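What follows is a single structure, written as structure tokens, with notes after it.
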Amino acid sequence: MIIYPAIDIRGGRCVRLTEGRFDAETVFADDPAEMALKWAACGAQWLHLVDLDGALAGEGKNLPVIERILQSVKLPVQLGGGIRNMQAIDKLLTLGVQRVILGSAAVKNPELVAEACRQYPGHIAVGIDAKNGDVAIEGWGRGSGVPAVELAKQMAAYGVDKIIFTDISRDGMLSGVNAEATAALARACGIEIIASGGVASLEDIRRVKAVEADGVTGCIIGKAIYTGAVDLREALALAKEE
């Protein structure tokens, strides 16, 4: 199982939101590239980046910061937030992003996902952010009326490489990851799922690790490694255990 340290970027800084609310922000670093170096030094295999301004605006807003991260560390990076056309996907993959995450576009423009998967097989993931099973879009600002399971099945049919599943009600709350719902989604759609939202302790890593056989092959950790609730080195060691 792969652990993905999260670096959420807003206004050029590294921040964390509570339940995706832009009025509930904590700044953890003025330079996100420094955080990238810190997590790389701990032994991270991947980084998970989110352009929060981009998610709201519908277009990339922190490209200089993202470029600096890509230049600072030699780790593969997955990036989401406001990526809603092929030009943006082309540019990010050319810059060196390894995996592009499409969120709102998966609901509003599924043909974009299909085209991206055709052009860049193995490099396209879809972020499914749900509350009570309903997919949220536009920076989690509103519900879509689309069930998460149905969207996951559709994305699997398009050839999406991975799905990042976030339980919004737990994100940034340190209330425990929803391993059961994540595993159920993996079983339903048949492609690999990365769990996200709510990791509060090493016990949560164990719970996600326990459903690895269901297809949950990764876990994103954000607030817990910033507050010290989880030691990233310990989490990485746990994830590698047989």
Side-chain angles (χ1 to χ4, degrees), residues 4-33 35-36 46-73 75-113 115-116 119-120 123-130 135-144 151 155 160-166 168 171-172 194 196-197 220 222-223 226:
Y4 296 80
I7 299 176
D8 291 2
I9 305 162
R10 187 181 186 202
R13 300 189 296 181
C14 176
V15 308
R16 291 300 295 167
L17 306 182
T18 300
E19 294 184 285
R21 286 171 38 223
F22 283 80
D23 62 349
E25 172 190 283
T26 305
V27 177
F28 283 104
D30 288 328
D31 184 1
M35 297 310 305
W46 275 79
L47 292 176
H48 173 79
L49 308 186
V50 182
D51 181 349
L52 290 171
D53 298 301
L56 269 186
E59 60 182 0
K61 289 291 184 183
N62 286 286
L63 209 53
V65 178
I66 291 159
E67 286 188 76
R68 198 159 69 246
I69 291 171
L70 292 169
Q71 291 161 4
S72 297
V73 297
L75 298 178
V77 164
Q78 62 181 22
L79 170 70
I83 305 164
R84 296 182 193 170
N85 56 59
M86 282 305 300
Q87 293 92 327
I89 294 168
D90 295 338
K91 183 168 188 174
L92 291 168
L93 291 173
T94 301
L95 279 176
V97 171
Q98 184 67 22
R99 186 184 296 144
V100 167
I101 305 164
L102 303 175
S104 297
V107 175
K108 300 171 77 174
N109 186 8
E111 281 307 308
L112 171 66
V113 180
E115 175 63 21
Q119 287 202 32
Y120 300 109
H123 295 279
I124 306 300
V126 162
I128 296 182
D129 307 327
V135 176
I137 57 174
E138 293 171 6
W140 299 353
R142 64 186 183 91
S144 65
L151 182 61
M155 294 302 111
V160 164
D161 184 45
K162 283 182 175 57
I163 286 172
I164 291 128
F165 177 66
T166 306
I168 298 170
D171 192 65
I194 299 170
S196 174
I220 293 167
K223 191 171 186 176
Y226 288 92

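Note: hydrogens, waters and symmetry copies are ignored here, and every other heavy atom, side chains too, is used. Since we're looking at a predicted model, the values are computed, not measured.
Atom CD1 of Ile7 and atom CD1 of Ile69 lie 5.0 Å apart (nearest 0.5 Å). Once rounded to the nearest 0.5 Å, the distance linking CD of Glu115 with CE of Met86 reads 5.5 Å. A distance of 12.0 Å separates CD1 of Ile194 from CD1 of Ile128, quoted to the nearest 0.5 Å. Between atom OH of residue Tyr120 and atom CG of residue Leu93 there is a gap of 6.0 Å, rounded to the nearest 0.5 Å.
When all heavy atoms of His48 and Val50 are compared, the closest pair comes out as NE2-CG2, 3.4 Å. Across every non-hydrogen atom of Ile220 and Ala6, the tightest pair is CG2-CB, 3.7 Å. In this structure, Ala105 and Ile83 approach most closely via the heavy-atom pair CB-O, 4.1 Å. Taking each heavy atom of Asp53 and Gly11 in turn, the nearest pair found is OD2-N, 2.6 Å. A pairwise comparison of heavy atoms in Met155 and Pro110 identifies CE-CB, 4.4 Å as the closest pair. Taking both residues in full, the closest heavy atoms of Val160 and Ile124 are given as CG1-O, 3.7 Å, listed atom of the first, atom of the second, then distance.
Distance alone, capped at 3.5 Å, places no donor-acceptor pair between the Asp129 side chain and the Ala136 backbone. Looking only at distances, no side-chain donor or acceptor of Asp8 sits under 3.5 Å from a matching main-chain atom of Arg16. A donor-acceptor pair is defined here as one N or O able to donate and one able to accept, closer than 3.5 Å; no such pair exists between the side chain of Tyr226 and the backbone of Val15.
The side-chain hydrogen bond (donor to acceptor under 3.5 Å, both in side chains) search around Asp31 returns Arg68, not counting sequence neighbours.
Residues Leu63 and Lys91 have side chains in contact (heavy-atom distance under 4.5 Å, counting atoms from C-beta outward). When side chains are defined from C-beta on, Asn62 does not count as touching Leu52, because their heavy atoms never get closer than 4.5 Å.
No side-chain donor from either of Glu67 and Gln71 sits under 3.5 Å from a side-chain acceptor of the other.
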Kindly list each side-chain donor-acceptor pair under 3.5 angstrom involving residues 94-103, sequence neighbours excluded, with atom names and distances?
{"unit_1": "Thr94", "atom_1": "OG1", "unit_2": "Asp90", "atom_2": "O", "d": "2.7"}
{"unit_1": "Arg99", "atom_1": "NH1", "unit_2": "Tyr4", "atom_2": "OH", "d": "3.3"}
{"unit_1": "Arg99", "atom_1": "NH1", "unit_2": "Gln78", "atom_2": "OE1", "d": "2.7"}

